Amino acid sequence: MEQLIECVPNFSEGRNPEIIKQITAEIEAVTGVRLLNVDPGKATNRTVVTFVGTPQAVIDAAFMAIKKAGEVIDMRAHTGEHPRMGATDVCPLIPIAGITMEETAVWAQRLAKRVGTELQLPVYLYEAAQPDKTRSNLSVIRAGEYEGFFKKITRPEWKPDFGPAEFDARRGGTVIGARDFLVAYNVNLNTTSTRRANAVAFDVREAGRVIKEGEKSIQVPGSLKSVKAIGWFIEEYGVAQISMNLTNIQVTPVHIAFDEVCRKAAERGIRVTGSELVGLIPLQAMLDAGRYFLEKQQRSTGVGEKELIRIAILSMGLDELGPFIPEERIIEYQLRNAADEKLVKMPLRDFADETASESPAPGGGSISAYVGALGVSLATMVANLSAHKKGWDDRWREFSDWAQKGQEYKDELIRLVDADTRAFNAIMTAFGLPKGTPEEKATRGRAIGEATKMAIEIPLRVMEVASASLGLVRAMADTGNPNSVSDAGVGALCVRAAVLGAFMNVCINAAGYDDKAFVDEVLEKGRAIQEKTIRAEVEILTIVNKKIGV
């Protein structure tokens, strides 16, 4: 797997688009990185930039951006609501794929050393990149901010990790580190009071607040773990906000943070009106939020990905201050390759026309996967209709669970539509490789073998997923909404066609593969799945025909 690192530098400029563009242009000029998001804030006078790439490319891009920021931003004239200490206030690296946190920390240290040495800029390490855990917390490092930095840097305990121990009035200092994925998230309030917003922030943030009991100061923790929060007033929107950093969304997800702020604000007579995301968010966080709010309504969570995201946006008011465009704000959507979804993104008529054309792909494997997806979708529809059927309120969760399972089957089968065609194309590409020398012949042979194996494994996976979905189909035929039992029956027919069709593709591709032991194992497994599917389909159709009187 290719190593990928995400970098999310925060620059102390959010009002001048020309300055921001000069900085991001440095990032875009580096080969091997992809600029995902640029999120400026006028009130904070800060821009959060997100880009991703291979480690060395990310380090090169970050270095050039930090250098440019120091040239075009003058901290002597900077004001803004957000805490800051330099032109590039903070530059975290986040492991995305194929790389550990420890390895990412090493890359952060390399970047910090390069910035300190070549740019002569004071640099502090934080989080996983900082060996001294007494100074690894960003808020502790940044305490005093830019205005207090000229005194702080002269103290021995705050000597920078890299670069000169001298105050740079124009550029300030910067903090570079490695951390887990962090979600920057603001909740909007129907008040203009920073003091009241701060009171709510102290209620929820893990650090809580300090209270006096006589001569003693006692730290009273807030209600949310792995949450940092402050209150501020955003003049641009005319509202106060709770500004939060969710440092571990496995511990405190976005939807839990939102609901808890709603609860604590209401206790103080304040109403939450919406929220905003700063930067990007993982897809799973949005899906979990959608399911959470549907469950609160006792509605089925077995709806499609697009609908779950819509419910999350609607429930948390993520579009109150501006449009929330999932394709721009969800990290997986930014990283996905359009070529991987060429077929399933086609309109239905175009897909049929492409299948009917003289092109050999999409062929039977892709069509089998798609037919299976349609069959599962019908059963999932029955589950959702059953979950919302009048008089069946006590069974909504049972059918919701079935519908959610159906969505999982459907999504994987949809993914396999394009995967099967890519496998076929890989075989064609391998056969087209040169074979003029022994080395070229060997390379070509290996490529053909690898592509053929993939072309066997993908339809086999179609068989496995489609056959597994018959448990859902049968349950819906047996216990689902009786008005939709015929839909369950059609679903069973589609799933059977998917399994038998995919097995034909397994067999034809296996005929050209040299590993006899692998082929024998695959064919034995395929036959077993096929026989099991045929039996299950007969049982389901018996149930369906009995109910419809055939």
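Computed from a predicted model, the values in this text were never measured in an experiment.
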Residues K296 and D259 bridged, charged N to O under 4.0 Å
yes
Taking the side chain as everything from C-beta on, heavy atoms only, tell me whether P9 gets closer than 4.5 Å to C7.
yes
Among T104, T50, V58, which residue meets the side-chain contact (heavy atoms from CB on, under 4.5 Å) test with E6?
T50
Could you verify whether a donor N or O on one side chain and an acceptor N or O on the other, from D60 and Q56, lie under 3.5 Å apart?
yes
Above 12 or not: heavy atoms from other molecules or residues under 6.0 Å from CG of D514?
no
Does any non-hydrogen side-chain atom of R444 lie less than 4.5 Å from one of I448?
yes
Which of N37, D39, V183 passes side-chain contact (heavy atoms from CB on, under 4.5 Å) with V278? Answer is D39
Basic-acidic side-chain contact under 4.0 Å: E412, R461
yes
Can we say R474 and E539 salt-bridge, meaning some charged N sits less than 4.0 Å from an Asp/Glu carboxylate O?
yes
Taking the six-membered ring for Trp, are F518 and Y513 parallel (under 30°), tilted (30 to 60°) or perpendicular (over 60°)?
perpendicular
Short side-chain to backbone donor-acceptor contact, Q407 and G302, under 3.5 Å
yes
Would you say K342 has more than 12 foreign heavy atoms packed within less than 6.0 Å of its NZ?
no
Salt bridge check: are K405 and D401 linked by an N-O gap of less than 4.0 Å?
no
F324 side chain near M316 side chain, heavy-atom distance below 4.5 Å
no
Are any of the side-chain heavy atoms of I548 and V485 separated by less than 4.5 Å?
yes
If you draw the axis of the six-membered ring of W392, does the NZ or CZ of K389 fall within 45° of it and under 6.0 Å from the ring centre?
yes
Is the closest side-chain donor-acceptor distance between T443 and E440 under 3.5 Å?
no
Is it true that K525 and E464 make a salt bridge, defined as a side-chain N closer than 4.0 Å to a carboxylate O?
yes
Can a salt bridge be assigned to the pair R496 and E537 using a cut-off of 4.0 Å between side-chain N and carboxylate O?
yes
Decide yes or no for T47 and V49: does some side-chain heavy atom of the first lie under 4.5 Å from some side-chain heavy atom of the second?
yes
For the atom pair OH (Y185) and CG (L277), what is the distance rounded to the nearest 0.5 Å?
8.5 Å
Please check if atom CD1 in I96 has more than 12 non-hydrogen atoms from other residues, nucleotides or ligands closer than 6.0 Å.
yes
Exactly one candidate in L523, N509, V506 meets side-chain contact (heavy atoms from CB on, under 4.5 Å) with L460; the answer is V506
Do any N or O atoms from the side chain of Q241 and from the backbone of V187 form a donor-acceptor pair under 3.5 angstrom?
no
Please work out whether the ring planes of H255 and Y292 are parallel, tilted or perpendicular, with thresholds of 30° and 60°.
tilted
Test F51 against every option in I5, L35, T24 by the side-chain contact (heavy atoms from CB on, under 4.5 Å) rule and name the one that passes.
L35
E450/K453 salt bridge by N-O under 4.0 Å criterion
no
Taking atom types as modelled, find out whether S226 and T252 have a side-chain donor-acceptor pair closer than 3.5 angstrom.
no
Ignoring hydrogens and geometry, is there a side-chain-to-backbone donor-acceptor pair from K547 to D478 under 3.5 Å?
yes
Side chains of N188 and E320: any donor to acceptor distance under 3.5 Å?
yes
